[in-house]
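Below you'll find the structure, written out as structure tokens, and then a few comments.
Everything quoted here is computed from the prediction, not taken from an experiment.
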Amino acid sequence: MKANQGELAGFDAEGTAQSLERALGLVTPYVHRTPVMSSKQLDGLSGAQLFFKCENFQRGGSYKIRGATHALLRLKEQREIRAVVTHSSGNFAQALSLGAQSLGMEAHIVMPENAPRVKREAVAAYGGRIVLCKPTLEAREAEAARIGRETGAVFIHPSNDPMVLLGQGTACMELLAEVPDLDVVVAPVGGGGLLAGTSLATACFGYDCEPVGAEPMAVDDAYRSLQSGRIEQNERTDTVADGLRTVLGSHTFPVIRQHVRTIIRVEEDEIISAMRLVWERMKIVIEPSSAVAFAAVLKEPGRFRGKRTGILVSGGNVDLGDLPF
């Protein structure tokens, strides 16, 4: 393990490495230890040695149960919580619903009208109380605020929350524990919770391991934010990677700016091709947002050639009636 990286704004005074270790200890009883898988065929195609951390096998179908559960448990430590509310296109909605159900809480979930049907059905199955809204960030935030006022539910942001961010970092911690000599870990980036948590995990527990972000070209706010030094917005959100349509936040951006040097942008056809390759060659179901990380490796093979490369497969919640290929 590398030396303690020190306290970051919004994190525990005990230090980032200790905060990550505490997060892992808290969430472990509530989450699956997902497998790390490999494929000689995909190694050959990429020129790298790939290690896929398969959070598509996670409870709720994605890594987000980690951050949701950690945030809920930390809230419970502070005071009695009966209800929570969030806004999410799907995966965090499922995660918070499932986590709240496990802990005996009520979960109110604001979802955009265009959220995939399979994700809406899963939220309902996990006991989440769904409220639909227009597919804009402003509409999501306004509806979540209204629910909070009327019900007293505590708002938990799907990515821009220090406790969520720390919880998401536990996926990379498990990957590094199983494959400790990785050169690179690639994570998709939307709101930035997974990439920020991953970058903290590599800084604290990796050995010269570089975190790399992967992002759809259509919603490349994170890439542009690193270039400009401020949080950028997206004028459009028409990407097949529906989980990556959100933008960085006040907690995620500073961490990413400090620890991440590279974000690779990929086109829509590259995302779909990468998704199909994983389905065909590895026989596992991953969603488009997950495929963005593998697409980035295929996009810039020279950057990864010969390197031991971790890929965080963020989720597998796919509407099989609406596949992009």
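Proximity of a side-chain donor or acceptor of Ser102 to a complementary backbone N or O of Leu98 within less than 3.5 Å is detected. In this structure a side-chain-to-backbone donor-acceptor pair under 3.5 Å is present from Glu270 to Glu267. Looking only at distances, no side-chain donor or acceptor of Asn234 sits under 3.5 Å from a matching main-chain atom of Arg236. Side-chain atoms of Thr246 never come within 3.5 Å of backbone atoms of Leu244 as a donor-acceptor pair (strictly under, hydrogens ignored). In terms of modelled atom types and a separation under 3.5 Å, the side chain of Ser290 and the main chain of Ser314 share a donor-acceptor contact. Checking side-chain atoms of Asn160 against main-chain N and O of His251 turns up a donor-acceptor pair under 3.5 Å. Of the possible polar contacts, one joining the Thr28 side chain to the Leu24 backbone as a donor-acceptor pair under 3.5 Å is found. No donor-acceptor pair closer than 3.5 Å links the side chain of Asp220 to the backbone N or O of Tyr223. Distance alone, capped at 3.5 Å, places no donor-acceptor pair between the Ser39 side chain and the Met282 backbone.
The environment of CZ in Phe155 is crowded: more than 12 heavy-atom neighbours from other residues, nucleotides or ligands sit within 6.0 Å. Atom CZ of Arg224 sits in a crowded spot, with more than 12 heavy atoms from other residues, nucleotides or ligands closer than 6.0 Å.
Sorted by first and then second residue, the pairs that involve residues 168-179 and meet side chain to side chain donor-acceptor pair (under 3.5 Å), not counting sequence neighbours, are Lys53-Glu174, Arg66-Thr170, Arg66-Glu174. Residue pairs meeting the ring-ring contact (aromatic ring centres under 6.0 Å, His included) criterion with at least one member in residues 271-294, sequence neighbours excluded: Phe52-Phe294, Trp279-Phe325. Residue pairs meeting the ring-ring contact (aromatic ring centres under 6.0 Å, His included) criterion with at least one partner in residues 95-131, sequence neighbours excluded, do not occur; the list is empty.
Checked by atom type, the side-chain pair Glu55/Gln58 shows a donor-acceptor distance below 3.5 Å. Side-chain N/O atoms of Glu268 and Thr239 include a donor and acceptor closer than 3.5 Å. Side chains of Gln101 and Ser97: a donor-acceptor N/O pair is absent below 3.5 angstrom, by distance only.
For the pair Asp43 and Lys40, the minimum side-chain heavy-atom distance is below 4.5 Å. When side chains are defined from C-beta on, Val255 counts as touching Ser199, because their heavy atoms get closer than 4.5 Å. Inter-residue side-chain proximity for Arg281 and Leu45 is flagged as met; some heavy-atom pair is nearer than 4.5 Å. Looking at Pro211 and Val185, their side chains never come closer than 4.5 Å, going by heavy atoms from C-beta outward. Side-chain contact between Asp181 and Val179: present, with at least one pair of heavy atoms (C-beta onward) separated by less than 4.5 Å. Residues Glu215 and Asp221 meet the side-chain proximity criterion, which asks for heavy atoms closer than 4.5 Å. Side-chain contact between Leu200 and His259 is present, with heavy atoms from C-beta onward closer than 4.5 Å. For the pair Met173/Leu20, a side-chain contact is recorded, criterion being any heavy-atom separation below 4.5 Å from C-beta on.
A single hydrophobic cluster is seen to contain both Leu298 and Ile264, as judged by linkage of ILVMFWY side chains at heavy-atom distances under 4.5 Å, directly or through other members. A continuous path of ILVMFWY side-chain contacts below 4.5 Å connects Leu277 to Phe304, so both sit in one hydrophobic cluster. Taking hydrophobic clusters as Ile, Leu, Val, Met, Phe, Trp and Tyr residues chained together by side-chain heavy-atom distances below 4.5 Å, Ile263 does not share a cluster with Val219.
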Worked check of ring-ring contact (aromatic ring centres under 6.0 Å, His included) between His157 and His87
CA-CA 7 Å; His157 195 280; His87 54 74; 5.4 Å; yes
Lys307/Glu300 under salt bridge (Lys or Arg N to Asp or Glu O under 4.0 Å): CA gap, chis, key distance, verdict:
CA-CA 13 Å; Lys307 293 184 177 179; Glu300 297 192 11; over 6 Å; no
Show the numbers, then the answer: is there a side chain to side chain contact (heavy atoms under 4.5 Å, CB included) between Phe92 and Ser159?
CA-CA 9 Å; Phe92 193 79; Ser159 58; over 6 Å; no
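Contact detail for Ala48 and Thr309: the closest heavy-atom pair is CB-OG1, 4.0 Å. Annotation for Gly316 and Glu287: closest pair N-OE1, 3.3 Å, computed over non-hydrogen atoms. Contact record, Ala100 with Ala107: CB-CB, 3.9 Å, taken as the closest heavy-atom pair. Shown here for Asp238 and Ala218, the closest heavy-atom pair between the two residues is O-CB, 3.8 Å. Between Met163 and Ala71, the closest heavy-atom pair is CB-CA, 3.9 Å. Taking each heavy atom of Ser250 and Ile231 in turn, the nearest pair found is N-CD1, 4.0 Å.
A salt bridge does not link Arg308 to Asp183: none of the charged side-chain nitrogens sits closer than 4.0 Å to a carboxylate oxygen.
From Phe51, atom CZ reaches atom CG of Leu176 across 12.0 Å, with rounding to the nearest 0.5 Å.
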For residues 79-86, which side-chain N or O atoms pair as donor and acceptor with protein atoms under 3.5 Å away, sequence neighbours left out?
residue	atom	partner	partner atom	Å
Glu80	OE2	Arg82	NE	3.4
Thr86	OG1	Ile156	O	2.6

Let me check something: any side-chain donor-acceptor pairs from residues 128-141 under 3.5 Å, sequence neighbours excluded? List them with distances.
residue	atom	partner	partner atom	Å
Arg129	NH1	Glu106	OE1	3.4
Arg129	NH2	Glu106	OE1	3.1
Thr136	OG1	Ala139	N	3.1

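By the side chain to side chain contact (heavy atoms under 4.5 Å, CB included) test, Ser62 is found to be paired with Lys64, Asn91, Asn317, residues two or more places apart in sequence or in another chain being considered.
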